[in-house]
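Some notes on the structure that comes next.
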Amino acid sequence: MTQQLDAARTYVAALLSHDGDSVPYAPNAVRYEVGLKTGFSGNHLRRSLSRGPQFRLIRAIRDEQYRADGDEVVADYLIDAGLFGRTLVTARVHEAFVIPAGDPRIHRIEARIRLVGRKDD
């Protein structure tokens, strides 16, 4: 179970570091955000994390909590996002990962994101 949790933690850390190559994706990995498919393969997800402009807005990730149950790992955390050195919004993120114990790579991500307010710096 530690490898499953490590895979999810590596993904969350890569949101901030933009190091998509560090994330253990299965080749056929997919990601859904609010029901829409936003990741089409492991390579697509890797490229998106490394070069996607949407991730450049992330300034901080905090209050991370992880739990695992069988092949599912759930990550709940807050993201502070903004521009020009200012945090403009905070979002609560809930991501459910399918990471099989026998193949501890990310196979699927279901993300829900909810804005929780503004933060003044």
Side-chain angles (χ1 to χ4, degrees):
M1 192 160 315
T2 299
Q3 289 181 318
Q4 292 165 287
L5 290 169
D6 287 346
R9 286 186 180 108
T10 299
Y11 168 85
V12 172
L15 294 171
L16 190 58
S17 72
H18 314 297
D19 181 11
D21 290 334
S22 68
V23 180
Y25 290 113
N28 61 343
V30 293
R31 183 177 186 275
Y32 290 87
E33 187 172 320
V34 201
L36 299 172
K37 195 171 192 179
T38 59
F40 300 90
S41 70
N43 284 335
H44 176 256
L45 288 162
R46 198 169 281 112
R47 281 190 311 272
S48 181
L49 257 180
S50 295
R51 296 190 292 255
Q54 69 275 28
F55 298 112
R56 302 294 173 185
L57 300 174
I58 298 172
R59 299 194 62 228
I61 296 172
R62 57 193 171 89
D63 298 342
E64 297 170 60
Q65 296 179 7
Y66 298 87
R67 63 186 179 282
D69 184 15
D71 290 344
E72 183 178 80
V73 175
V74 173
D76 288 299
Y77 53 94
L78 294 173
I79 284 181
D80 294 323
L83 293 167
F84 308 115
R86 291 190 50 96
T87 297
L88 301 174
V89 68
T90 298
R92 170 141 325 269
V93 180
H94 173 92
E95 291 191 287
F97 299 85
V98 174
I99 306 171
D103 180 10
R105 297 179 293 173
I106 297 170
H107 290 251
R108 182 182 180 97
I109 306 168
E110 295 272 349
R112 290 191 324 237
I113 301 167
R114 181 176 51 90
L115 297 180
V116 294
R118 293 175 172 251
K119 182 180 177 189
D120 294 323
D121 282 353

State the [atom1]-[atom2] distance between [X] and [Y], to the nearest 0.5 angstrom.
X: L15; Y: D19; atom1: CG; atom2: CG; value: 11.5 Å
X: R62; Y: I79; atom1: CZ; atom2: CD1; value: 10.5 Å
X: E95; Y: R112; atom1: CD; atom2: CZ; value: 10.5 Å

Of all the heavy-atom pairs spanning [X] and [Y], show the shortest one and how long it is.
X: I99; Y: A7; result: CD1-CB, 4.0 Å
X: P104; Y: Q3; result: CG-OE1, 3.5 Å
X: P100; Y: R105; result: CD-O, 3.8 Å
X: L49; Y: G20; result: CB-CA, 3.9 Å

Seminar exercise, completed: Quick note, ring-ring contact (aromatic ring centres under 6.0 Å, His included) partners involving residues 67-88, not counting sequence neighbours, are none

Seminar exercise, completed: residues 85-114 vs ring-ring contact (aromatic ring centres under 6.0 Å, His included), sequence neighbours excluded, gives Y11-F97

Seminar exercise, completed: F40 meets the ring-ring contact (aromatic ring centres under 6.0 Å, His included) criterion, sequence neighbours left out, with H44

Exercise. Quick check: are there more than 12 heavy atoms from other residues, nucleotides or ligands sitting under 6.0 Å from CD of Q54?
Worked result: yes

Seminar exercise, completed: Hits for side-chain contact (heavy atoms from CB on, under 4.5 Å) against T10, two or more places apart or cross-chain, chain-then-number order -> S22, V23, P24

For this session: Can you sort out the partners of L16 under side-chain contact (heavy atoms from CB on, under 4.5 Å), two or more places apart, ordered by chain and number?
Result: I58, I61

Among residues at least two apart in sequence or on other chains, which ones pass side-chain hydrogen bond (donor to acceptor under 3.5 Å, both in side chains) with [X]?
X: Y25; answer: none
X: E110; answer: R108
X: T38; answer: R31

Exercise. With ILVMFWY side chains joined below 4.5 Å, transitively, what does Y32's cluster contain besides itself?
Worked result: V30

Exercise. Given side chains that start at C-beta, do those of N43 and R46 come closer than 4.5 Å, heavy atoms only?
Worked result: yes

For this session: Return each pair, listed once, that meets salt bridge (charged side-chain N to carboxylate O under 4.0 Å, His left out) where at least one residue sits in residues 47-58; pairs must be two or more places apart or across chains.
Result: none

For this session: Please collect all salt bridge (charged side-chain N to carboxylate O under 4.0 Å, His left out) contacts where either partner lies in residues 21-30, sequence neighbours excluded, each pair once.
Result: none

Enumerate donor-acceptor pairs with a distance under 3.5 Å from any side-chain N or O in residues 66-75 to protein atoms, sequence neighbours excluded.
from: Y66; atom 1: OH; to: E64; atom 2: OE1; distance (Å): 2.6
from: R67; atom 1: NH1; to: D76; atom 2: OD2; distance (Å): 3.1
from: D71; atom 1: OD1; to: A101; atom 2: N; distance (Å): 3.2

Exercise. Shared ILVMFWY cluster between L45 and V98, side chains joined below 4.5 angstrom?
Worked result: no

